[in-house]
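In what follows, residues are counted from 1 in the order of the sequence shown. Everything numeric here is computed off the predicted structure, so don't read it as measured data.
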Amino acid sequence: QVQLAESGGGLVQAGDSLRLSCAAAGRALYFYAMGWFRQAPGKEREFVAASWTGSSGSGYADSVKGRFTISRDNAKNTVYLQMNSLKPEDTAVYYCASRRSDYASRRGDDYDYWGQGTQVTVSS
C-alpha cells in the first residue's frame, strides 16, 4: 500500500512557475513508476508527465513538453513536477499516481494508487 499526498498548488499568473510535490508513505517510490495527471472543470482527466522507476526515463504530454519537468528525490521519497511558463489552460487539479511496474503509462487506469490532488489556478 502506498499513500500519496500532493502539495504546492496555488494561484499564480501566466508565465509564473510552481513546483508540485508528491510525498509517499508506505513504500519506497524508487520501485514504482510515477505519473502526474490533471483534471480541469468539465473535462476528463488527462496525462501530464510520467517517470519510469529509478528515474530511468520520463515522458510528457505534448501540451507541457519543454515547460514541465518530472523528477524524483529518493531520499525524501518524493516526486516533483516543476511547472514553468504556466498558462491559463494549465488550470486544473493535479494528481500524482504510482504504478507497481518499472514502466510508466499515459493511461490513468494503469495506476494503482492516487493522491487527493492539489489545485493549480493560472490567471491571465
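Residues W52 and D102 form no side-chain contact, since every pair of their non-hydrogen atoms from C-beta on lies 4.5 Å or further apart. Proximity of Q82 to I70: side-chain heavy atoms (C-beta onward) are nowhere separated by under 4.5 Å. Side-chain contact between Y80 and C22 is absent, with no heavy atoms from C-beta onward closer than 4.5 Å. Inter-residue side-chain proximity for W36 and S51 is flagged as unmet; no heavy-atom pair is nearer than 4.5 Å. Proximity of R67 to K87: side-chain heavy atoms (C-beta onward) are separated by under 4.5 Å at one or more points. The shortest distance between side-chain heavy atoms of T53 and Y103 does not fall below 4.5 Å. Using a 4.5 Å heavy-atom cutoff, the side chains of F31 and R100 are not in contact. By the 4.5 Å heavy-atom criterion applied to side chains, S105 and R99 are counted as neighbours.
A continuous path of hydrophobic side-chain contacts links V122 to M83 [ILVMFWY only; heavy atoms under 4.5 Å]. Residues Y94 and Y113 share a single hydrophobic cluster, defined by chaining ILVMFWY side chains whose heavy atoms lie under 4.5 Å apart. No continuous path of ILVMFWY side-chain contacts below 4.5 Å connects Y95 to V120, so the two sit in separate hydrophobic clusters. Following chains of ILVMFWY side-chain contacts shorter than 4.5 Å, one can reach L20 starting from V79, so the two form part of one hydrophobic cluster.
No donor-acceptor distance shorter than 3.5 angstrom exists from the side chain of R106 to the backbone of F47, with no hydrogens or angles considered. A distance-only check finds no donor-acceptor pair linking the side chain of N77 to the backbone of A25 [under 3.5 Å]. In this structure a side-chain-to-backbone donor-acceptor pair under 3.5 Å is missing from Q39 to E46. In this structure, the side chain of Y32 does not engage the main chain of V2 through any donor-acceptor pair within 3.5 Å. Checking side-chain atoms of T118 against main-chain N and O of S7 turns up no donor-acceptor pair under 3.5 Å. Put simply, the side chain of S123 gets close to the backbone of V12: a donor and an acceptor are under 3.5 Å apart.
Between K65 and D62, at least one side-chain nitrogen of the basic residue sits less than 4.0 Å from a carboxylate oxygen of the acidic one, meeting the salt-bridge criterion. Taking the charged nitrogens against the carboxylate oxygens, R45 and D109 do have a contact shorter than 4.0 Å, which makes a salt bridge.
Taking all atoms of both residues into account, the shortest heavy-atom contact from A24 to L4 is CB-CD2, 3.8 Å. Taking every heavy atom of both residues into account, L29 and R72 meet most closely at O-NH1, 2.7 Å. A pairwise comparison of heavy atoms in S124 and P88 identifies CB-CG, 3.8 Å as the closest pair. Residues Y111 and A50 share a closest heavy-atom pair of OH-CB, 3.8 Å.
Atom OG1 of T78 sits about 11.5 Å away from atom CD of E6, to the nearest 0.5 Å. Atoms CG and CG, from D90 and D16 in turn, are 11.5 Å apart once rounded to the nearest 0.5 Å.
A 6.0 Å sphere centred on CD of Q119 holds more than 12 heavy atoms belonging to other residues, nucleotides or ligands.
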> side-chain contact (heavy atoms from CB on, under 4.5 Å) between R38 and S63: does it pass, once the steps are laid out?
Replying inline: CA-CA 12 Å; R38 66 187 182 186; S63 59; 3.5 Å; yes

> Between F68 and N84, does a side-chain contact (heavy atoms from CB on, under 4.5 Å) hold up when you go through it step by step?
Replying inline: CA-CA 6 Å; F68 290 12; N84 298 329; 6.0 Å; no

